[in-house]
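What follows is a set of notes on a single structure, which appears directly below.
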There are 2 protein chains.
Amino acid sequence: METELVFKALSDPNRMKILNNLCSRDCPCNVGDVACCCTVDLSVVSRHLSILKNAGIISAEKRGKEVFYHVNRKEVAALLRQTAENIEKHVVHERRYK
Amino acid sequence: METELVFKALSDPNRMKILNNLCSRDCPCNVGDVACCCTVDLSVVSRHLSILKNAGIISAEKRGKEVFYHVNRKEVAALLRQTAENIEKHVVHERRYK
DNA sequence: AATATATTTGCATTATTGTGCAAATATACA
DNA sequence: TGTATATTTGCACAATAATGCAAATATATT
């Protein structure tokens, strides 16, 4: 899971809406259901889902003709917390002056 | 501090380099020092710094002719952790089936 | 096999963002 | 006041990314 890919994926308004939509569900849902949260074409939603998936933020599971997506909550949360740690503590140089 | 602005700010390779550079220091540093971590023009670095600042990730302090930047570690870390919480727990619908 | 539904992909277009250079601004110093 | 240094801004251009539509693919159903 690459930090930069994740941030890039989270930097678009529609992808944020999609992620929030997916986050608010406790069951995986299909593309049509995801799409209802934004006004863009279904094909665009499909592409956004693929970007989120590629970043490791969500996962897909094919059942019949439908594809069900769900958020990789644990993994994404872990990455964000790790990044928080790094930003807070990553001081390479020693403090020289008091 | 807007989550989406922050993610957008963190979604560019050069801004990531710049942020890592700033993070690795325990003292604020000026634009020239920031710039040494990437090969783009100084003016580009200046613009990247302004984007990071605008997102609330870093802060600027003017001293003489120089501008010193530093990372708002606490705030950024807090925002990332909050986002982690939201992603992990933000289930609006009740679980219907066991 | 033909038809219907769900999703993805090709392609063209538009919109947004990143970049370098030159010029402008701000401040210090001779 | 003139000159030097640090940073930012205007502008043009290149590179990326978002979008909609139509067509392709995949799977189920009749």
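Residue numbers start from 1 in every chain, and the chains themselves are labelled A, B, ... in the order their sequence lines are given, proteins ahead of strands.
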Report the distance from atom CG of N30(A) to atom P of dT8(C), rounded to the nearest whole Å.
10 Å
Taking only side-chain N and O atoms of K8(B), does any of them lie within less than 4.0 angstrom of OP1 or OP2 on dT17(C)?
yes
Write down the distance between CD (E66(A)) and C1' (dA28(D)), rounded to a whole number of angstrom.
11 Å
So R15(B), base contact, sugar-phosphate only, or nothing? Heavy-atom distance under 4.0 Å.
sugar-phosphate
Touch class at under 4.0 angstrom, heavy-atom based, for V31(A) against every strand present
sugar-phosphate
Which part of the nucleic acid, if any, lies within reach of V44(B) when heavy atoms closer than 4.0 Å are counted: base, sugar-phosphate only, or nothing?
base
If we ignore hydrogens and angles and just use 3.5 Å, is the side chain of N30(B) paired with the main-chain N or O of D33(B) as donor and acceptor?
yes
Any base atoms under 4.0 Å from L42(A), or only sugar-phosphate, or nothing? Heavy atoms, all strands.
base
Which of these nucleotides, dG20(C), dT9(C), dA18(D), is closest to any side-chain atom of R47(A)?
dT9(C)
Remember a base hit wins even if backbone is also touched, and classify Y69(A) as base, sugar-phosphate or nothing at under 4.0 Å, heavy atoms.
sugar-phosphate
Please give, in whole Å, the distance from dT16(D) P to F7(A) CZ?
22 Å
Should V31(A) and V44(A) be counted in the same cluster of Ile, Leu, Val, Met, Phe, Trp and Tyr side chains packed under 4.5 Å apart?
yes
Which whole-number value in Å describes the distance from L52(B) CG to dT8(D) C1'?
16 Å
First encountered from the 5' end of DNA chain D, between S43(A) and G32(B):
G32(B)
Distance, rounded to the nearest Å, where N14(B) contributes CG and dA14(D) contributes P:
19 Å
Distance in angstrom units between D33(B) CG and dA6(D) P, rounded
10 Å
Please tell me if the side chains of E88(B) and R81(A) come closer than 4.5 Å, counting only heavy atoms from C-beta onward.
yes
Ignoring hydrogens and geometry, is there a side-chain-to-backbone donor-acceptor pair from N72(B) to G56(B) under 3.5 Å?
yes
Whole Å only: how far is the NZ atom of K65(B) from the P atom of dT8(D)?
14 Å
Distance test, side-chain N/O of H48(A) to OP1/OP2 of dT19(D), below 4.0 Å
yes
Separation of dA6(D) atom P from K62(B) atom NZ, nearest Å, is 13 Å
Please figure out whether T39(A) or R63(A) has its closest DNA chain D nucleotide nearer the 5' end.
T39(A)
Checking R15(A), M16(A), K8(A) against F7(B) for side-chain contact (heavy atoms from CB on, under 4.5 Å), the one that qualifies is M16(A)
